[in-house]
Structure formats: C-alpha cells, structure tokens
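Notes for the one structure printed next.
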There are 2 protein chains.
Amino acid sequence: MTPRKPPTMADVARIAGVSPMTVSRAFKRDSSVSEATRSAILRTAEDLGYVFDSTASNLRSQKTDFVAVTIPSINNANFADTVGGLADGLKDRGLQILLGYTNYDILEEERLIEQLLRRRPEAIVVTGGRHTPRARRMLENSGIPVIETWDLPDKPIGHVVGFSNAGAVRRMVDHFVGQGLTRIAFIGGDADRDTRGTDRRAGFIAAMQALGLDASRLIAAGVPPISMREGAEAMARLLRDVPDTQAVICVSDLSAFGALSECQRRGVAVPADISIAGFGDYEIGSVCVPTLSTINPFPRDIGARAATLILEALEGRLSGPTISQITPELLIRDSSK
Amino acid sequence: MTPRKPPTMADVARIAGVSPMTVSRAFKRDSSVSEATRSAILRTAEDLGYVFDSTASNLRSQKTDFVAVTIPSINNANFADTVGGLADGLKDRGLQILLGYTNYDILEEERLIEQLLRRRPEAIVVTGGRHTPRARRMLENSGIPVIETWDLPDKPIGHVVGFSNAGAVRRMVDHFVGQGLTRIAFIGGDADRDTRGTDRRAGFIAAMQALGLDASRLIAAGVPPISMREGAEAMARLLRDVPDTQAVICVSDLSAFGALSECQRRGVAVPADISIAGFGDYEIGSVCVPTLSTINPFPRDIGARAATLILEALEGRLSGPTISQITPELLIRDSSK
DNA sequence: TGGGCCTTTGGTATCGTTACCTTTGGTCAC
DNA sequence: GTGACCAAAGGTAACGATACCAAAGGCCCA
C-alpha cells in the first residue's frame, strides 16, 4: 500500500472539471460561484477525502482566523468562563481560539506570547496588566488588537476589559466593618506571581489602614493559585495563631471553601464564630452550607466583551484604545450574615 | 506615519549580511550555524522587531507543531488535568496544543474535528470513543496519529488511553453491597449526550441487575454536564420520592457534592442516614465534610500517556495501534463509611 | 603538497492556496 | 444592433519560509 499524498485543490479542480480558483471560491462563503457548481465541487471534495489546507490559505491571505489567548491556568473555572464567553462571541465569525497558559508566571507569559505571535493571530487577549518589558514590546509592535483583561492596568497596551481587584476587596472590607467586625484577616498566596491575588491583598491592606484598622492578619497559604486544601491549612493556622479573628477574606472561593470546611471540622461556627468571604463567585459558593459571601467579577462577560472589542477592532469600527470597565457584584450570603 | 510591513527573514538576512537560509538556520535548534553568526542574527532580528512567521514555515515544511485536542467542556477540572498532562508532555518537543470543545455534542465534535484537521495538526486527541460516521472517516483518513481517551471504544480508530467507565461504577456498587447496602440510587444526566455519563449509568444498571438488585432508582438531573446545583436538586427529589434509599452514586464529584450539601441542608446525616459516592476525584471531594468516596481515573496520567504515545508515534517507534488501559482507583472516604 | 573530509554558508525551487486581473457569455435598455 | 453591465469562471503570480543540492574554506594526514 502506497501512502498516497493527500489531495489538493488542484486535484479536486481537475476531477470536478473546473479551475482551482473556482474550487477555492466554493470553499468560501460569499463568493460568486453558482450554487450548482459549488455543490458539485463540495461533493467531489468529500468523495476524494479532500481536507482544506489552512496553512496554505493562512500564508497567501495573511489571515489565520486565530485569536490568541493567555490565561494563568487552564484549571480555573473563572478563566474558563472568560474563554468560554470569548469563544462564543468569536465563533460566528469563524475565529478560533489559540490558547496558552502561563502558570501565573510572567516569564512564562513572555515565552508564550512570542510563541503565539509567531502563529500570526488576528488579535491577542492576555490576562492581567503586568508583563515583562520584552513581552510588552512584542505586544505593542504586533500590529494586532491587544486586549488586557481581569485588571485595570496603569498603562494599558491596547484595549482593556477589567475591574479593580483592590477596589472589589475594599467593598468586602467595608461590608464586614459595617457589621461591626474589625478584626479581619486575609488569606492569600505567599508570592507575587499571581498579580491579581497580590492586588487583592494590597486592596485589603489599603482598605484596613484607611479605616485605621490592623491590617497585619495576613495568612500566606502557599504558591498561587491557592487550592481548597491550602485554604483549609491557612484557616487552621489562623485559628491557632490569631483566634480572636472575627472575619476572613480569602483570595478566591476555592480557598474560602477550604477555610469553611476546616471550621466545620473543628466545630467553629460560621458565621457565628467567624465570618468568611471568598472571591470569584464559583459555583461551590452558592451550593455549600453555609453559602459563601463573595464577589462576582462576571468572568463570562469579560470574555464576551473582549470578543466584541476584537470584532469591532478588526472591522475598523474602533477609533482608539477602549477601557471596558466591569463592576463586580458584592454577594452577601450566609457565611457572613 | 506609514504602517510599514513587518520585516521578513530576507530583511534580517540583508541587514545581518548573510543569506536567508542562514537566518532560517539560526532560528532552528540543532542546525549548523556558528555560534557567532547565530547570535549576531538573533540580535539583528530582535533589533528589527522581527517575529518568526510560522505560517510560512508550516506550509513549506509541512509541519505545524500542533497537536489538536477535543474535550467536552473547557470548564471541567478532570479534562483540564488531562490537557495539562498532555501539554506538559509535549512542551519539550515544541508541540503546541490546539484546543476545541464539543459541549458534549458529537455533531459539534464533527464540525470541530474538521476545523482542527484543516490546520494540519501532527496528531489529534479526542475525548471519548463515540463519533459521527463522518467524524470517524475524517479521523481514519487524516494520516496522523489519532488517540481516543477517557473510554475503551469497541472499535478504536487508532490508539487509546482510557478505562471502562461502566467497570469503575461496578466496583463502587460492589463496595456498597459489601457493606450491606442494597437500596442504591444513581444520579446522572437525563440525556445521552455525555457518553461517559451514559456508560456509568449503564454500568450501574448492569452491576445491580447482576446482583439481583433493583436498578430502577435512577434520578435524571438535567442536561449534562450535571452541576452541583443539579446534584442538590436531584438529591432533594430522591429523598422525597424514594426515602428508603441507603446509598447513592453520582455521575461526578460535583453532583455528589451538591447532593451532600442538600443532605446537610435537610439534616440528613451522611453516611449514617445515606451514603454518597462521586466520580472523578475532584479536589472538593477530599476537602468537604464529610469527605467524598469517589473514583480516581487519573486524568493527568491520561494526558501524560497520550503525550508519550504521540511522541512515539511521530518518531515511528510504534508498530501498531496501542491500547493503554488506566486502572481507576476506588477511594473510600467518610461519605460511605 | 594534495586529496579526503567536515563545518559552515549560499542559491533555487517549492509548499497549496488566494489576490488581482482578465475573459466569457448572457441580459437589458435604448 | 450595440454598448453597458453583471455574474461566473479562469490565468498568473505571490505569500515567506525551508528542502535540497552545491560550494567554499579549513584541517588533518599521508
């Protein structure tokens, strides 16, 4: 058996009795081919087992129909929702997502951005607003729409769809203080890799200090992203080291759930003995007992809006850099009543 | 300001005073260019802001360094782990993952597979062993390694890394029966879209019938994938309709956690009043109170093994189709003691 | 000193599609 | 009858890299 070379458009054209150009048009949407010719060509192609070769099309037309996306972790419901919203918004225009993850590391992000730009995407969406200088330069010079998400960068590269992580945490602090709780702790990662997590911690400290409160109850739970288990361990330490703590804000719902489960394991009543809040409005927070107070940053909307921006930018309907600000929603539930 | 055309290898070559071929070699790893020449070329390229153009390279070399992957949902920790294991195993060889999701729909899978094959990946990894006839044909004729995962298909297309979903559930049934629990229910989706979920339900029915037990306690919780909330609703219905049920097996840990939370909300003791088991060994099952009995199918290993198979296949070290069988681990925890 | 061999570099054609321009044949109004 | 116009199809060159082959120069040993 000879491993025959796969058929090309020229083969389809020859057998269908038309020119390669006509075959090419038959595979496009709105091109001028008579319906009879088109269906005959498509049938021939199917019979031959012809598969359209995007690599050639990409090179000649200088279009790839890729949108590059970087997220910190592939295993995170929030970012998955953003990618989902993005993918749905782009699907109709035939744009496909080229996804890479940075593992919360801006050096890895730099490598990834270079890899992705080599594939000549039509646009690129990155998570966060902090990048290495070289990554920044590559994005600026890429000549394609750049969208930073999940953050409000001081100096945006292009467009932005995000919110203030610090500001969102401040609102949660205000909520607790409004209930008369002043001995508040923060559970987060112990490194600055997760820049959004770092911003949330900074927001906590700033908010506490602005109210004249002690902002030193900071529990570092490990290398970001903080897992449920690490949230539980952090809560164990908190209960041991500063047992008079009245409320705790966690860097995500996952660590908050871990903290909650540790309380249950030790017979500490939530919220009677201690209030707990998370971040991200993961499904678990609305299902567990008691339900978790949290902040919903509308991850899916972030993706959907980024998709809209991309489509507008590609159609030239965008005059300049756009900042699309999300207003996170404070969700007060049973864990902090 | 004129939007200059981005520089090409020819531009870099001219400025660096070498031929385009030498520039091309400088960007490859193991090619024969003197170290001095290479670094001079790379510096020139960086100065010019040159970005390597994969689209041209792909066409000429007939290699894309893509591995296509289809998963049912981007927002699922199990599949995310598989993709993570796969990506890590492929990273060293410079292979990049081209990911698409099917939304648990084999018609959508067919469209997706066609899209992905047009990009000329080096290999393709699909989730599950059931496909439309056309999808099957496209995979068979693709001429690249095909790997089906998370399943043991009757008629594999190429290689397989998977396990018997039905067999895994049977072991959980045996566990319950061994404890003297015979009135066992199953909570799953109400459609056949999720073929692995369907297999698990079928495995439950077969196992119960083989033991002469009533296999009719089937709670359909909605369109797959079943969420935590739907798991909770299903448990509510179960407690109302067949309150003498002694144990319940859920199609995933997520629905199992929902079921558990519903019990807590109603004061039903787990496992004293009812035992609960899940599937997938999601982190939540090891953190919640009580911890959840479950089945660990080693999702990350599935991806890692698929990566190994791909590398072996691409190097021609694989003689024929390989079935790599995973043995899921039964984890008995507090929810079924 | 010369031939063999290796390292490093260069020239040319080409991957498979599509942008751009041209051609063909038909319809329609005057 | 003729020119304007349009739909449908074809011809040619090009996108930017690299496979393949060739050649230049250096080194070693007989």
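Residue numbers begin at 1 in each chain, while the letters A, B, ... track the order of the sequences. As the structure is a computational prediction, the values presented were derived from the model and not from experiment.
- No donor-acceptor distance shorter than 3.5 angstrom exists from the side chain of A:D151 to the backbone of A:P153, with no hydrogens or angles considered.
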May I have the list of side-chain donor-acceptor pairs in residues 301-312 of chain B shorter than 3.5 Å, sequence neighbours left out?
unit_1: B:R305; atom_1: NH1; unit_2: B:S324; atom_2: OG; d: 2.7
unit_1: B:R305; atom_1: NH1; unit_2: B:Q325; atom_2: O; d: 3.2
unit_1: B:T308; atom_1: OG1; unit_2: B:A304; atom_2: O; d: 3.1

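- None of A:L152, A:I326, A:T322 except one satisfies the side chain to side chain contact (heavy atoms under 4.5 Å, CB included) rule with A:V160; the exception is A:L152.
- Checking A:T82, A:T195, A:V126, A:I71 one by one against A:W150, the side chain to side chain contact (heavy atoms under 4.5 Å, CB included) holds for a single residue, A:T82.
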Classify every nucleotide of nucleotides 6-18 of chain C by which part a protein heavy atom approaches to under 4.0 Å, writing B for the base, S for the sugar-phosphate alone and - for neither, in 5'-to-3' order. --BBBB-BBBBBB
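- A salt bridge links A:R111 with A:E108: the closest approach of a Lys/Arg side-chain nitrogen to an acidic carboxylate oxygen falls below 4.0 angstrom.
- For the residue pair A:S54 and A:S57, no side-chain donor N or O sits within less than 3.5 Å of a side-chain acceptor on the partner.
- Protein chain B touches strand DNA chain D; the 5'-most and 3'-most nucleotides with an atom under 4.0 angstrom of its non-hydrogen atoms are D:dG16 to D:dC20.
- Using modelled atom types, one finds no donor on one side chain facing an acceptor on the other under 3.5 Å when comparing B:N75 with B:S73.
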